[in-house]
Novice: 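Here you go, one structure.
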2 protein chains.
Amino acid sequence: MPQSDPSSSAAPGDRSAHDHARASDVHKLAATKLAAHSQRYTTNRRRLVDILIGSTGPLTIAGILSERDDLAQSSAYRNLVVLEEAGVVHRIITSDDHARFELSEDITGEHHHHLICDRCGLIYDITLPPGLERQLEASLAGEAQRFSFQGDHHRVDLVGICQSCRS
Amino acid sequence: MPQSDPSSSAAPGDRSAHDHARASDVHKLAATKLAAHSQRYTTNRRRLVDILIGSTGPLTIAGILSERDDLAQSSAYRNLVVLEEAGVVHRIITSDDHARFELSEDITGEHHHHLICDRCGLIYDITLPPGLERQLEASLAGEAQRFSFQGDHHRVDLVGICQSCRS
DNA sequence: ATTTATGCAAATCGTTTGCAAACCT
DNA sequence: AGGTTTGCAAACGATTTGCATAAAT
């Protein structure tokens with residue numbers, strides 16, 4: 001429903017949660033995770049990771065492809081699946097039709113949440129106080145138990161309208 | 001990626017968060033909300049709302065259509081858009097390719113969150129302690145302000161594997 | 001009488017997949 | 001060599017839309 005240029009995905013005043021990890025460390029971890037899944041760290045996969053390292057926030061496929069014109073769309077899709085399964089990247093689904101990708105928290109070592117623009121799909125990274133995270137975890141674990149549900153990870157989003165869509 | 005019968009969407013031990021509102025009240029509210037958006041409360045729209053009232057949890061389009069065979073798919077899609085815009089229903093997007101729908105919190109008067117099965121897309125409704133909700137709201141509001149983001153509503157999901165997908 | 005809603009079938013568009021060539025190990 | 005990855009183009013499938021008919025005001 002909302003439409004905009006899906007290749008843009010900007011960042012706000014502060015630095016993003018991503019740029020805390022050094023590129024070489026990220027690649028090392030990525031290689032390890034892929035190896036654990038019997039997958040190779042090919043040139044294209046490394047390229048994808050590099051693009052995500054360089055990004056200030058979650059990127060759409062279009063955004064990723066626009067960074068390098070020597071990247072086949074189908075390979076991007078395929079490799080993002082592999083990277084996701086290996087736990088290297090994380091796929092974010094919003095009401096926007098375009099999936100977005102970011103490095104996984106295992107890789108960046110950060111736990112964060114999102115502000116999601118309902119109009120253009122733009123995503124900002126945010127963090128919550130550790131105490132709040134703990135309480136949340138505890139409550140969710142309790143609810144999961146009631147439903148015999150095996151929780152894996154939680155997600156907190158604030159949905160609204162970003163500054164540029166408002167103006 | 002995960003696949004299963006999208007027409008099924010069961011409930012667990014307890015009652016769902018939905019069955020607290022009386023059907024007549026729901027219809028009255030729905031009519032009001034639609035009127036406020038210059039939209040009619042047509043037969044098909046009422047049917048959709050009825051199906052959601054009767055459901056124990058969020059339903060996919062397939063699940064909705066399977067409840068009544070005299071409901072055209074395109075009309076379901078179109079009317080769900082109208083109902084969503086009027087704030088009568090709420091659309092839930094997961095990694096599953098099938099959008100799911102539930103009555104909006106304005107209508108049910110309940111604020112709840114979700115356990116989402118990563119394999120089959122099944123969704124359970126859960127609630128968090130009011131105190132925790134308040135802290136969460138406050139933290140999110142603070143973050144929104146930092147990004148000049150106009151928050152509308154928050155969302156908390158626990159993603160994992162449901163009992164039947166585990167067995 | 002006009003506007004709005006319906007239902008069918010066709011179109012759309014992000015994503016997935018078949019297949020032959022290129023790449024690793 | 002033997003299996004994997006790549007890139008092109010074709011296929012897929014949930015959702016959307018054009019259009020003629022039916023309903024509502």
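Throughout, protein chains are lettered first and strands after them, A, B, ... in sequence-line order, and every chain is numbered starting at 1.
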Novice: In whole angstroms, how far is the C1' atom of dT5(D) from the CG atom of L48(A)?
Specialist: 13 Å
Novice: How does each nucleotide of nucleotides 17-25 of chain D score, in 5' to 3' order, for protein heavy atoms under 4.0 Å: base (B), sugar-phosphate only (S), or none (-)?
Specialist: BB-------
Novice: Establish, from distance only, whether the side-chain atoms of H37(B) and E85(B) form a donor-acceptor pair under 3.5 Å.
Specialist: no
Novice: Should S75(A) be listed as having a side-chain N or O under 4.0 Å from OP1 or OP2 of dG7(D)?
Specialist: yes
Novice: Would you say that H154(A) contacts D157(B) through its side chain, given a criterion of any heavy-atom pair below 4.5 Å between the two side chains?
Specialist: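 No, too far: nothing below the 4.5 Å cut-off.
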Novice: Please work out if Q39(A) contacts a base, only the sugar-phosphate, or nothing of the nucleic acid, heavy-atom cut-off 4.0 Å.
Specialist: sugar-phosphate
Novice: L71(A) has an atom CG; how far is it from atom P of dT5(D), in whole Å?
Specialist: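 It works out to 15 Å between those atoms.
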Novice: Within the 3.5 Å criterion, strictly below it, is a donor on H27(B) or D50(B) matched to an acceptor on the partner's side chain?
Specialist: yes
Novice: Regarding H114(A) and E143(B), do their side chains bring together a donor and an acceptor under 3.5 Å, going by distance alone?
Specialist: no
Novice: Report yes or no: do H153(A) and E105(A) form a side-chain donor-acceptor pair below 3.5 Å?
Specialist: no
Novice: The side chain of A72(A) lies closest to which of these nucleotides: dT15(C), dC8(D), dT15(D)?
Specialist: dC8(D)
Novice: What is the distance from CG of D97(B) to P of dC13(C), rounded to the nearest Å?
Specialist: 18 Å
Novice: I want to check one thing: is the phosphate of dT6(D), taken as OP1 and OP2, less than 4.0 Å away from some side-chain N or O of N79(A)?
Specialist: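 N79(A) to dT6(D) OP1/OP2: side-chain N or O found under 4.0 Å.
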Novice: Please tell me which of the listed nucleotides, dT15(D), dT6(C), dT6(D), lies nearest to the side chain of Q73(B)?
Specialist: dT15(D)
